[in-house]
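Everything below concerns the one structure shown next.
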Amino acid sequence: MAAAESPSTALRRRDLCSRGIRLAGKMRADVVDLLDAYVEQQGLDASASVAAVEGVPLAAVERWDEQTGTQRLLENLAAYRAFRALLAQMLEEQREQLGEADAGLGRALAAVLLQVSAFAYHLEELLRLESRGIPGEEGDEEEEEEDGPPPPPRLSLFEQKLRGLGVLRELAQWAVRSVRDLRQLAKPSPATGAAPGLAESP
Amino acid sequence: MFSRWNWVACAFYLVLSICSPDASSGLVQSCGHIIPESPVLAIGSNFTALCILNESCLDFGNIYASQIIWKIKNRLVPKEQYREINRTVSSVTFNDTSSLATPLTCNILADGQIEQNIYGITVTVGLAPEKPKNLSCIVHQESRFTYAMTCTWNPGRHTFLDTQFRLRYRWPEQIFPDCIPKDVNNSCTIDDSQFFVNTEIWVEATNALGKAVSDPLVVDPIDIVKPLPPQNVSVTSGLLPTVLQLVWENWISDAVMTLKFNIRYRIVGDTNWMEVPPEDTASPRTSFSIQGLRPYTEYVFSIRCMKEDGVGYWSDWSEEKTGITIEDQPSKGPPIWRIIDTSQSPACWTVHLIWKALKPYEANGVILLYELTVRDKSPLSSPVKKYNVTSTNYTLQLREGTYEVTLIARNSVGPSPPSVLLIPASNSKAPVKNLRTLPKHDKLWVGWTAPNNYVLKYVIEWCLMSSSSDCIIEWQIVLGDVQGIDLKGIKPFKCYLITVYPLYADGQGSGQSVKAYLKQDRPSKGPTVQTKKVGKAEAVLTWNHLTVEEQNGFIRNYTILYKTIDGNETVVTVDPSKTEYTLSSLTSDTLYTVRMMASTDNGSRTGPDFTFTTQKFGKGEIEAIVVPVCLAFLLIVLLGVLFCFNKRDLIKKHIWPIVPDPSKSNIAQWSPQVPAKHNISSKDQMYPEGSFTDVSVVEIEADDKKSFSEQDLKPFDLLKKEKSTSEGHSSGIGGSSCMSSPRQSVSDSDEGETTQNTSSTVQYSTVVLNGYRDQTPVQVFSRSESTQPLLDSEERSEDHAGGADSTPQRQQYFRQNGGQDETNTDRPCFERTKQITHANEGDLVGFVQLQISGQSSQPLGLGMEKNTQEAAVSNVLQTCTEGQTVRPETVEENPLSVDEMPKSYLPQTVRQGGYMPQ
């Protein structure tokens, strides 16, 4: 696959990787800042332990270095699509709870949401360059609807806050992992070596 | 919306027009409408409107499409533009919508030419929007987390219509809300821009005539960021005197973008910024150490940043922060020089040591003191003398000799390297050569050629020359490899004296001086010229040099301009070193105007006019005339004297004839009593008997009423004619006196008058006691020439004094004399006169003339000046005349008469002694 890659495609991929790395870096920085603001604004303890958020693949993974590029991209894409939905829900809950009282937090959440969306777009583009089909979001949505987070009425306000905290923490970790994944993808040769893995991954 | 309002307005308008009370037709309903309704048209396009009548109105009002007329704003549209489509529809066509206006109305011309409005529309004319161009965006960092993207574009031409611009942007899978500009049509700001995603940005312009879309701009907003400048900049001093550390904070996180920086700095008070090499600050950082700074110097710093890869925009410069480096040892010794004053005595010097304070970058701190060491290098060396000085000069009293002066500046860190000045006993080394100057803008360049020997340093002294004050010396030391420097602070139009001394390792060369101007001007005044000496054809002009303040430049020459009142001006150029010039070839006795002009390289100035008049005679001309005349006169006088000397016997015979002594005469013998008897009593009292020995009685005419000129001219003529007759009328004492002068003869010869004036003729005489020119008075018997009659009293007194007895004797005596006069007594005198006449007959006329003039008005002494010979002759005559005119007046009776009496008579009488008692 890599051998058939044209120079423009390689350039494009490198550009997407580079931009994605920086976007992930900024996203992590913003999420970290947002976490502080969120904890403070929501009256939470920064050290509070939160259970894993449902519907979001864990950033920590075993045998990470054995993953193929496509696997990495697909896991990333799945994760960020999940984050996008969760952040959109958080933003809506935020507006419902606080209205326009804390526009700063809402703006920061919206900014992170945009970055998540942008990063998902980067991943999709990279998958296109890999000549891989992009998983349908609707199917995911269906899955999410089936297996996704429970509907809001079922969560108390505190639980919503805790879930939001969990989402942001996981996003921060994913941002770190995404940087590493994209750096791995940006390396020219290992992609070919990852081909066997690519076959295994699905 | 807009069209609906137009429709409502038109309908309202039509209803009003139809329902108007003025409507004569009485129609109360709308009978038609126009298509299109309220169109918006492009300028320049064609347009056709249709007016459609309602069928109901056709029957009711008998109106048809043929009766329709179109109006634009009450202006009738030409019928050529109408077209009747059918009986209910009329159209109007406009080839150019530029001529359209609002409203466009459809009207009916009913029966009786009554015009009824059917319908009206509003027409809007404008342009479709142009495609927006030159779209560009920049992302301004507004705070630590907020970035606003501002895009600008060129909206294109004015459309005359309400045109909406909207900035649109999107990600591939996400469209963001449009940015609609407020109050402007060429820029819009998106408050929340997201980085690291290529964003497609474009502008849409829309109005009623169309829509235009700009070319899209695809950009990652992170690449067009203008970040905020670094904040909280601070400057700290390091351990080194040449280093300062700059610390700051970045307001943009490395996660967003990494930055590179520019750092600039300058010395406080300096306007020129220096910059840290960009490659040294091309990586992200929050501090930087600036090296290579000057010790103890205050610097100003400023910093800016941009994305590390250089894509985007530089931030503004941060606020300026200052910092000062720590002190260091002075980097060099102060330049030192000396001025030696030997005015007191050549062997005893007053040495003024002067040095310049180190520049801040040389002092590297605050100079606390100067250490001065003076070492006598003579064989009999005295101990080294050390002085600690806080000022920049020091005066020493030294004996003539060779000295080595060392100067060290010291600050809180340490001493400077020493500056050494050798003061030799004499400046015997070679001087510089070819010293010259050249103005360079506001500086004066001084150049020289080095001597053959190796020179350590040169000292350049310069001072502003002034006529009123001493030259205040400024100086500068340059290294020996320099052969020219620029002098700063030189004032234009001022004269500077510049001296260059070469300093050798073992001595000092003599100074070479040159005068120079940075810039020259014409003199501020001209010389004042005046004459020192004026002759007939030349004049010596003199003037003073202009003072150095007045010169304003090098005086290249003086120009003298002189002219007569009506003549051409003559110009003479004079060397500037001169202060005197002689104008020659002038016209004598002429008024000249002269002025003088001093010239520099940059112009001239003329002094005041001065006038003088040349003399009429040249030098020596008067002497050349006077001296010969005087010499000739003297020669004549000398010749006359010589002549007189040679002829003295003859002259003496004529002038001082031998007068017989009456006392020895026979008369005295035979009539010894007569003189005493004849003495007037008063005179006897005055002059004792024996004081005079003789009395001459002269009988003259007392005709004083006539003027002498008249009186004398006649006898003068008679003298020529009746010479023989006149000779016989002389009178005198005993005929021996020279009373028979021509004058007397003339007088006597006028017998007619004499006869007539017999009664007035008085004979008188007196003895005058007087001295000649302060000599001891001698008793003189003098005769008055006055012809005034004696007073009766005198006559009577004389008569009385003479007594009755004496009178007849006297009369007899006179009569005898008179008889002798008429007969014999005149002969000798006549003969003598005749002898003179023979000797110099040609002078006789003049002789007589002189006699006349002498008698008429003036003393005879004046006549002496004319001709000595004539004078001599005239003396003869004068003596004779005196003899006739002696007047017997006394001093007491008429004291004034003594003064009035011509004195010349007396000395002549005395000197000649003709009447002195012998």
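Chain letters run A, B, ... following the sequence lines, proteins first and then strands; every chain starts at 1.
For the set B:I222, B:T146, B:V256, the count of heavy-atom pairs under 4.5 angstrom toward chain A peaks at B:V256. Of the listed residues A:A118, A:A110, A:S18, A:A108, the one with more heavy-atom pairs under 4.5 angstrom with chain B than any other is A:A118.
Within residues 22-34 of chain A, the residues having any heavy atom closer than 4.5 Å to a heavy atom of chain B are A:R22, A:L23, A:G25, A:K26, A:A29, A:D33, listed by residue number.
Between B:E204 and the choices B:R166, B:K131, B:Q164, B:R168, the side chain to side chain donor-acceptor pair (under 3.5 Å) rule is met once, by B:R168.
Using a 4.0 Å cut-off between charged side-chain N and carboxylate O, A:E130 and A:R72 make no salt bridge.
Neither side chain, B:S193 nor B:Y169, offers a donor N or O lying under 3.5 Å from an acceptor on the other. Checking A:Q94 against A:Q160 by side-chain atom types alone, no donor-acceptor pair falls below 3.5 Å. Inspection of the B:S187 and B:W153 side chains reveals no N or O donor paired with an N or O acceptor under 3.5 Å.
Contact annotation for B:D223: only side-chain heavy atoms (C-beta onward) come within less than 4.5 Å of a heavy atom of chain A.
When atom types are taken as modelled, the side chain of A:Y38 and the backbone of A:K161 share a donor-acceptor pair closer than 3.5 angstrom.
In terms of heavy-atom proximity, B:A128 sits nearest to B:T159 at O-CG2, 3.9 Å.
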